[in-house]
Amino acid sequence: MTRDQIFFITSLFVFFVINIFLLATGSLSPDWAGLGTFIAAGITLSLYSFLYKDNPLFKFTENLYVGVAAAYTMNQVWYTVLLADVINPTFDLNGQTGGNHEWLLIFPVLLGLFMLTQLASDNISWLSRIAFAFVVGLGAGLAIPRTIAANVLAQMQPSMQPITADLAGFNLVVILVGVVTVLIYFFYSVEHTGAVGVASKVGIWFLMISFGASFGYTIMARLSLLIGRAGFLLEDWLNLQLPLF
Amino acid sequence: MKDFLINLDRRFIFIFVAIGVILPALTTFPLPIKPTANVRAIYNTIEEVAAQNGTVLISFDYGPGSMPEIQPMTLSVLRHCFSKKVKVVGMCLWPQAVGLVQQALDTTSKEFDAQYGTDYVFLGYKTGMHSLVINMGRDFQGTYPQDLQGNNTADLAVTQRIFGLKDFDYVICLAAGNTPDGVWIPYGQERYKFKFGIGCTAVMAPDQFPYLQSGQMNGLMGGLAGAAEYEKLINTPGTATDGMRPQSVVHVIIILFILLGNTIYFLYDRKKGGAK
């Protein structure tokens, strides 16, 4: 037996001993809620075991999550989309359409089914191209004007305001310098020497500050998740009455 | 010692971070939380909507993976709306959010005696993303003929006068993905010109600031800190406020590790091109 195997078997043993102790002392209730807490604690610890080393428990839990998430999504899609928006109105199963069957819904359903023909034999898989052509055409038609309006034109407008002699004006200058120098940094048709080189270096500084801000926020995000799980383990599972959680 | 520090096992950092999270849980020490202008803007807009006896649409676009950050925002915003008798319409662009939102609605509606149908409505998840938002703008009741419970939206007091996105006094997106800048702004706000605010995970927050500057959104809650600020504004400390203590302690630990790493790099390892 390797050291890692001994470590993981001991960890599992300790986990089960703790749960038996919690059950015996009444900290973990012997009902569905208690079982849920037990499973959630086990899954949380299995995922965090990756911090020590990749292991079968982590792999199992990772795959379990994917499976549960897919099943939950399928359930939601069935009840709130397929049943409510397709089957009920088409066949008027719940009287929502007052006897008027919405047969036109069959066409989008057919397009959806065509997509699945990709998984079938080559004889019918060409049908999926019709569905993909529709999706690509519709997607491009919707996305191009909306993206230009919302992400380009609307973003350019505040960078082109008159510069005033106050804090807002200073902010505007900083943004203007940032936009121009970063654009110069990504402009590769001219050699980055002389004035262009200086501007490009200033652009790098703006990029580095932006990456630093993103990194700081990312640390905050990941820590929030860790704090959430730590709170669950200490308060809900181990039932420790700590001042914080 | 030199080699040990240069090739420091990352598991030492994990242990320090774990200590930084657990130790503040054993004690209490006050940390000031000062609401920023971006969070206050969402609060003030809901106050304005309350004065008009208006309706707020909240799009819950997150899942269990981002629950520690976004669920406190959901609870705080719902508490604020229900306490001021602002009508709430909830919807989800992420299927994983449905259970979490239902839980939050049940908890907060009981606290303020908010009644389903007259004070709030939950539409659940619907697929479509951008096409869904465009259709909601054109014909809300046609897009959502029924709520999650199967009631006709045309008959419910909250939704019977809502015919499009413009009829909402405020739209809030609480998100863990790209739905604010990828769906709501280009296909909703930019097209139908409604007031829009967001609460998002901290990872997303830096990417949202340009939309604040352009006025496409009027408020932003970023991560656990944003949620804690909102809890402060509504005077109801919750898990976000509690989380600020370990958050701050671990931030200090990480800053110290960054300083240590850079110091070692400049002292010993710079000429060699980094740790091996």
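Values reported hereafter were calculated over all heavy atoms of this structure, with side chains retained and with hydrogens, waters and symmetry mates removed. Lettering of chains follows the sequences in order, A, B, ..., and the numbering in each one begins at 1.
- B:Phe29 does not touch chain A: none of its heavy atoms, backbone or side chain, sits under 4.5 Å away.
- Contact of the B:Arg11 side chain with the A:Leu51 side chain is not registered, since no non-hydrogen atoms from C-beta on lie closer than 4.5 Å.
- Using a 4.5 Å cut-off between heavy atoms, B:Leu123 makes no contact with chain A at all.
- Taking both residues in full, the closest heavy atoms of B:Ala225 and A:Met220 are given as CB-CE, 3.8 Å, listed atom of the first, atom of the second, then distance.
- Between chain A and the residues B:Leu148, B:Leu224, B:Ile185, B:Ile254, the most heavy-atom pairs under 4.5 angstrom are made by B:Leu224.
- Contacts between residues 139-149 of chain A and chain B, counted as heavy-atom pairs separated by less than 4.5 Å, involve A:Leu142, A:Ala143, A:Arg146, A:Ala149.
- Taking CD from B:Glu69 and CZ from A:Arg222, the interatomic distance works out to 8.0 Å, rounded to the nearest 0.5 Å.
- For A:Tyr52, the parts sitting under 4.5 Å from any heavy atom of chain B are the backbone and the side chain alike.
- Heavy-atom minimum distance, B:Pro95 versus A:Thr73: CG-CG2, 3.5 Å.
- More than 12 heavy atoms of other residues, nucleotides or ligands shown are found within 6.0 angstrom of CD on A:Glu62.
- B:Tyr211 places a side-chain heavy atom less than 4.5 Å from the side chain of A:Gln155.
- B:Gly243 and A:Ile227 get closest at one heavy-atom pair: O-CD1, 3.6 Å.
- Between A:Leu223 and B:Val17, the closest side-chain pair of non-hydrogen atoms falls below 4.5 Å.
- With hydrogens and angles disregarded, no donor-acceptor distance shorter than 3.5 Å links the side chain of A:Tyr217 to the backbone of B:Gly222.
- Interface remark: B:Leu132 contributes no atoms to any contact with chain A (heavy atom separation under 4.5 Å).
- Using a 4.5 Å cut-off between heavy atoms, A:Arg229 makes no contact with chain B at all.
- Closest heavy-atom contact between B:Ser214 and A:Ala154: CB-O, 3.5 Å.
- For A:Phe134, the CZ atom sits in a loose shell: 12 or fewer heavy atoms of surrounding residues, nucleotides or ligands are nearer than 6.0 Å.
- Most heavy-atom pairs under 4.5 Å with chain A: of the set B:Pro210, B:Ala205, B:Gly63, B:Gly124, this distinction falls to B:Pro210.
- Of the atoms belonging to A:Ile175, it is side-chain heavy atoms, and not backbone ones, that fall under 4.5 Å from chain B.
- The nearest pair of heavy atoms linking A:Ala213 to B:Pro206 is O-CG, 4.3 Å.
- In this structure, CG in A:Asp85 is found 3.0 Å from NZ in B:Lys126, a value given to the nearest 0.5 Å.
- Within a 6.0 Å sphere centred on CZ of A:Phe60, heavy atoms belonging to other residues, nucleotides or ligands number 12 at most.
- Counting only N and O atoms by type, the side chains of A:Gln76 and B:Gln96 include no donor and acceptor under 3.5 Å apart.
- Surrounding CZ of B:Phe209 are more than 12 heavy atoms belonging to other residues, nucleotides or ligands, all under 6.0 Å away.
- Using modelled atom types, one side-chain atom of A:Thr80 and one backbone atom of B:Tyr125 make a donor-acceptor pair closer than 3.5 Å.
- The CG atom of A:Leu240 sits 9.0 Å away from atom CG of B:Leu26, with the distance rounded to the nearest 0.5 Å.
- At a heavy-atom separation below 4.5 angstrom, chain A is approached by B:Glu190, B:Arg191 within residues 189-201 of chain B.
- For the residue pair A:Ser224 / B:Gln247, a side-chain donor-acceptor distance below 3.5 Å is found, with atom types taken as modelled.
- Most heavy-atom pairs under 4.5 Å with chain A: of the set B:Ile22, B:Thr127, B:Val98, this distinction falls to B:Val98.
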